[in-house]
Chemist: 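Submitted below is the structure of interest, expressed as structure tokens.
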2 protein chains.
Amino acid sequence: MNIESFSEEQEYLQKYSIDAFDRPSLATDITIFSIMNEQEQINIRKLQKKALKVLLIKRASFPYKNYWALPGGFCIKGEDVIDTAKRELYEETNIQNAFLQLVGAFGESNRDPRGWIISNAFVALIDGELVNLRASTDAWEACWFSMDIRKNEVERTLSENSMCIVTQYTIFLKNSEKNIEMKIVLQEKKVFQDYHETIQIRIEESDLLAFDHAKIILTAYQFLKESIEKDTKAVFDLLPELFTLSQLQNVLEIILDKALLPANFRRKISEYVVETDQIVKHVGYRPAKLFRRNIRSFYKE
Amino acid sequence: MNIESFSEEQEYLQKYSIDAFDRPSLATDITIFSIMNEQEQINIRKLQKKALKVLLIKRASFPYKNYWALPGGFCIKGEDVIDTAKRELYEETNIQNAFLQLVGAFGESNRDPRGWIISNAFVALIDGELVNLRASTDAWEACWFSMDIRKNEVERTLSENSMCIVTQYTIFLKNSEKNIEMKIVLQEKKVFQDYHETIQIRIEESDLLAFDHAKIILTAYQFLKESIEKDTKAVFDLLPELFTLSQLQNVLEIILDKALLPANFRRKISEYVVETDQIVKHVGYRPAKLFRRNIRSFYKE
DNA sequence: CAAATAGTGTCTTTTAGACAATATTTA
DNA sequence: TAAATATTGTCTAAAAGACACTATTTG
């Protein structure tokens with residue numbers, strides 16, 4: 001840039017007022033998924049049942065006071081969006097070091113009664129057993145909800161060059177200790193026309209979930225499922241450093257929502273794991289070897 | 001919600017001032033990729049060479065006056081983020097109906113000299129031949145740049161439980177008619193430590209590209225490549241309604257950056273396409289059949 | 001007919017799926 | 001030793017890769 005245009009630019013910037021246009025508040029919402037034990041162990045002779053869980057926080061203030069919501073909060077000046085997400089997540093739940101991925105921008109005009117608030121939604125998979133959630137106080141109450149999601153195709157029209165699929169999703173969120181159960185219903189409409197695809201999600205029933213968080217959770221879930229379907233390796237984020245192959249298989253089965261045959265499963269993931277010399281202890285049956293990820297296999301080329 | 005808490009909430013909202021906190025301006029930037037003819041046909045007896053292209057706009061005002069930038073602009077109140085992207089894209093380039101996908105949120109504090117401006121970046125693949133770009137004026141000048149990207153591993157350290165890979169990307173952007181060439185250099189650092197991955201991209205050399213758009217373009221390119229590697233079907237967005245299998249193969253080869261064998265390629269994509277009774281005309285060699293997508297194969301289950 | 005691209009057939013290798021069998025531990 | 005899970009071996013089917021071949025059009 002030459003000198004003239006530099007000073008011209010300086011002048012321009014001095015006159016520039018960022019307040020000339022309306023600005024939104026920018027927030028983040030984070031969907032944290034984990035695969036955890038369904039409940040306390042009943043039979044020591046049996047393997048623990050596991051379930052997909054999502055982390056929610058009870059809102060202590062308006063709007064949606066006493067409703068449940070995703071952790072998250074507003075961007076602070078000078079902070080990159082993902083750093084906002086990390087900070088809020090830590091403040092509200094005590095989770096650090098999650099690998100956050102952006103899954104969507106939610107900006108429908110009526111999504112927040114306080115005004116024009118746009119949310120960038122992130123998702124992360126973590127091993128929930130490793131986290132000590134912040135203790136509940138009057139202001140905070142974070143807890144895990146088991147998540148059961150059911151898909152039901154409502155309508156499908158197909159022609160040579162267009163199609164429309166309407167799917168209804170029913171999500172059950174449940175926390176047994178607190179005896180809370182929620183039923184969320186959403187409708188997704190996928191339209192393909194003029195060689196162009198559009199997807200819309202509408203909340204039909206939101207129960208005790210605040211804002212448009214039902215929509216965010218569904219989007220995050222679809223993101224999780226697709227990323228693991230396309231690349232199995234993403235599943236390791238859900239596991240501790242050391243794990244057994246059955247644990248790994250179980251986690252994968254829950255997300256993919258289908259059973260896998262041990263022999264085939266083991267063959268397939270063998271390159272991603274390394275055997276350690278450690279073994280699971282105190283189980284009422286043959287103990288399994290502990291494995292860890294094979295980092296080399298992740299980053300080879 | 002009962003009556004009391006409803007009126008309590010109303011009261012809260014009346015007192016609530018959205019101006020209590022600093023807010024960012026929210027912008028969108030859209031990376032449009034296309035696979036187009038490299039230049040005018042020279043030899044009618046030969047197939048046209050094609051290349052990956054990206055759409056840029058010359059900035060007519062400060063900041064970065066006379067630099068090239070991605071199409072995009074600021075969110076208007078009441079508008080969802082993706083609608084901003086669609087509107088700006090149409091206004092600046094005349095493109096409609098692109099399938100936009102969110103690829104990242106860019107909010108580094110120094111990314112825009114005007115102040116705190118966060119950008120949600122979208123990517124779309126289109127068939128550039130179908131678009132009549134808005135004619136250039138004093139204010140607008142949109143044009144396609146061929147994009148050549150080179151990857152070079154600078155450093156790799158691997159241990160049992162951590163790793164660091166530094167990769168340098170050099171991007172050449174070129175428009176022959178206007179005789180513009182740009183060379184962009186970026187460095188990507190991938191670190192895996194404590195069972196947790198982080199990725200950072202730094203611009204080393206940005207040439208005539210405005211803002212942090214070099215970073216956005218690289219991110220969008222990686223997104224494009226990965227989505228097509230994971231699911232071939234995404235490639236159809238880059239093609240017109242009717243296409244030959246060689247065109248399809250060529251497009252795929254450019255993105256995946258590797259050669260494919262015709263027989264195997266055809267077998268693999270056969271379920272996604274339907275033969276039409278039309279044929280390519282005016283070519284100096286055996287004309288190819290024209291195909292279109294098989295929508296049924298996209299949405300079967 | 002030569003050049004150039006379009007399109008097919010088939011063999012081999014790799015990967016995925018199914019299923020049966022064996023191994024190890026503890027109540 | 002019975003119950004429960006861990007682990008391995010092998011057959012089969014499907015998908016991916018390699019390569020040679022034939023077909024069609026136009027200058």
Side-chain angles (χ1 to χ4, degrees), chain A residues 37 41-50 228-233 239 242-253 256-292 297 300, chain B residues 37-38 41-50 228-233 239 242-254 256-292 297 300:
Chain A
N37 292 336
Q41 192 141 9
I42 301 164
N43 183 348
I44 195 176
R45 297 297 296 271
K46 287 211 171 192
L47 199 62
Q48 277 270 40
K49 274 261 175 295
K50 302 216 168 209
I228 291 183
E229 275 167 356
K230 286 178 181 165
D231 186 0
T232 308
K233 296 198 291 295
L239 289 165
L242 298 178
F243 48 83
T244 71
L245 296 187
S246 306
Q247 273 167 20
L248 179 54
Q249 182 179 342
N250 189 219
V251 166
L252 210 48
E253 285 177 330
L256 302 181
D257 198 24
K258 67 173 179 189
L260 304 170
L261 292 170
N264 304 338
F265 164 76
R266 277 156 186 267
R267 189 175 49 209
K268 187 167 172 170
I269 52 89
S270 60
E271 60 167 322
Y272 303 130
V273 297
V274 180
E275 196 177 314
T276 69
D277 52 6
Q278 295 180 66
I279 267 187
V280 162
K281 293 195 177 73
H282 309 300
V283 283
Y285 42 81
R286 175 176 175 181
K289 285 182 201 145
L290 285 165
F291 290 74
R292 56 178 181 72
S297 74
K300 68 158 182 249
Chain B
N37 292 335
E38 184 63 295
Q41 191 142 10
I42 300 165
N43 183 347
I44 194 176
R45 296 297 297 271
K46 288 211 171 190
L47 199 62
Q48 277 269 42
K49 273 261 175 299
K50 301 214 169 211
I228 290 184
E229 275 167 356
K230 287 178 182 166
D231 186 1
T232 308
K233 297 197 291 294
L239 289 165
L242 297 178
F243 47 83
T244 70
L245 296 187
S246 305
Q247 274 167 21
L248 179 53
Q249 182 179 341
N250 188 219
V251 165
L252 210 48
E253 285 177 330
I254 288 169
L256 302 181
D257 199 23
K258 69 172 179 191
L260 304 170
L261 292 170
N264 303 337
F265 164 75
R266 277 157 186 266
R267 189 176 48 211
K268 187 168 172 169
I269 53 86
S270 60
E271 61 167 321
Y272 303 131
V273 297
V274 179
E275 197 178 314
T276 69
D277 52 6
Q278 295 180 65
I279 268 188
V280 161
K281 292 195 177 73
H282 309 300
V283 284
Y285 42 81
R286 174 175 176 182
K289 285 182 199 145
L290 285 165
F291 290 74
R292 57 178 181 71
S297 75
K300 67 157 181 249

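Sequence lines set the chain letters: A, B, ... in the order given, protein chains first and strands last, and positions in each chain run from 1.
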Chemist: For B:T244, which contact category applies under a 4.0 Å heavy-atom criterion: base, sugar-phosphate, or nothing?
Modeler: nothing
Chemist: Using 0.5 Å steps for rounding, measure from the NZ atom of A:K289 to the CD1 atom of A:I279.
Modeler: 7.5 Å
Chemist: For atom NZ of A:K230, is the number of surrounding heavy atoms from other residues, nucleotides or ligands below 6.0 Å larger than 12?
Modeler: yes
Chemist: Rounded to whole angstrom units, what separation is found between the CD1 atom of A:I279 and the C1' atom of C:dT26?
Modeler: 14 Å
Chemist: When you list every nucleotide of DNA chain D with an atom under 4.0 Å from a heavy atom of chain A, which one comes first 5' to 3', and which comes last?
Modeler: D:dA2 to D:dT10
Chemist: Any sub-3.5 Å donor-acceptor pair from B:E253's side-chain atoms to B:L260's backbone N or O?
Modeler: yes
Chemist: For residues B:S246 and B:R266, determine if any side-chain heavy atom of one lies less than 4.5 Å from a side-chain heavy atom of the other.
Modeler: yes
Chemist: Rounded off to whole Å, could you give me the CG-to-P distance for the A:L290 and C:dT24 pair?
Modeler: 18 Å
Chemist: For B:P287 and for A:F291, locate the closest nucleotide of DNA chain D by heavy-atom distance; then report the residue assigned to the nucleotide nearer the 5' terminus.
Modeler: A:F291
Chemist: For a 4.5 angstrom cut-off between non-hydrogen side-chain atoms, does B:L47 reach B:N250?
Modeler: no
Chemist: If I take atom NZ from residue B:K268 and atom CG from residue B:L261, how far apart are they, to the nearest 0.5 angstrom?
Modeler: 12.5 Å
Chemist: Of all the heavy-atom pairs spanning A:F265 and A:L245, show the shortest one and how long it is.
Modeler: CE2-O, 3.4 Å
Chemist: With a 3.5 Å cut-off and heavy atoms only, can you find an N or O donor on one side and an acceptor on the other between the side chain of B:R286 and the base of C:dA4?
Modeler: no
Chemist: Would you say that B:T244 contacts B:L290 through its side chain, given a criterion of any heavy-atom pair below 4.5 Å between the two side chains?
Modeler: yes
Chemist: Of the residues in residues 260-276 of chain B, which ones touch DNA chain C at a heavy-atom distance under 4.0 Å?
Modeler: B:A263, B:R266, B:R267
Chemist: For B:Y285 and C:dA6, what is the distance between atoms OH and C1' respectively, to the nearest whole Å?
Modeler: 10 Å
Chemist: Distance check needed: C:dA6 P versus B:R45 CZ, whole Å only.
Modeler: 13 Å
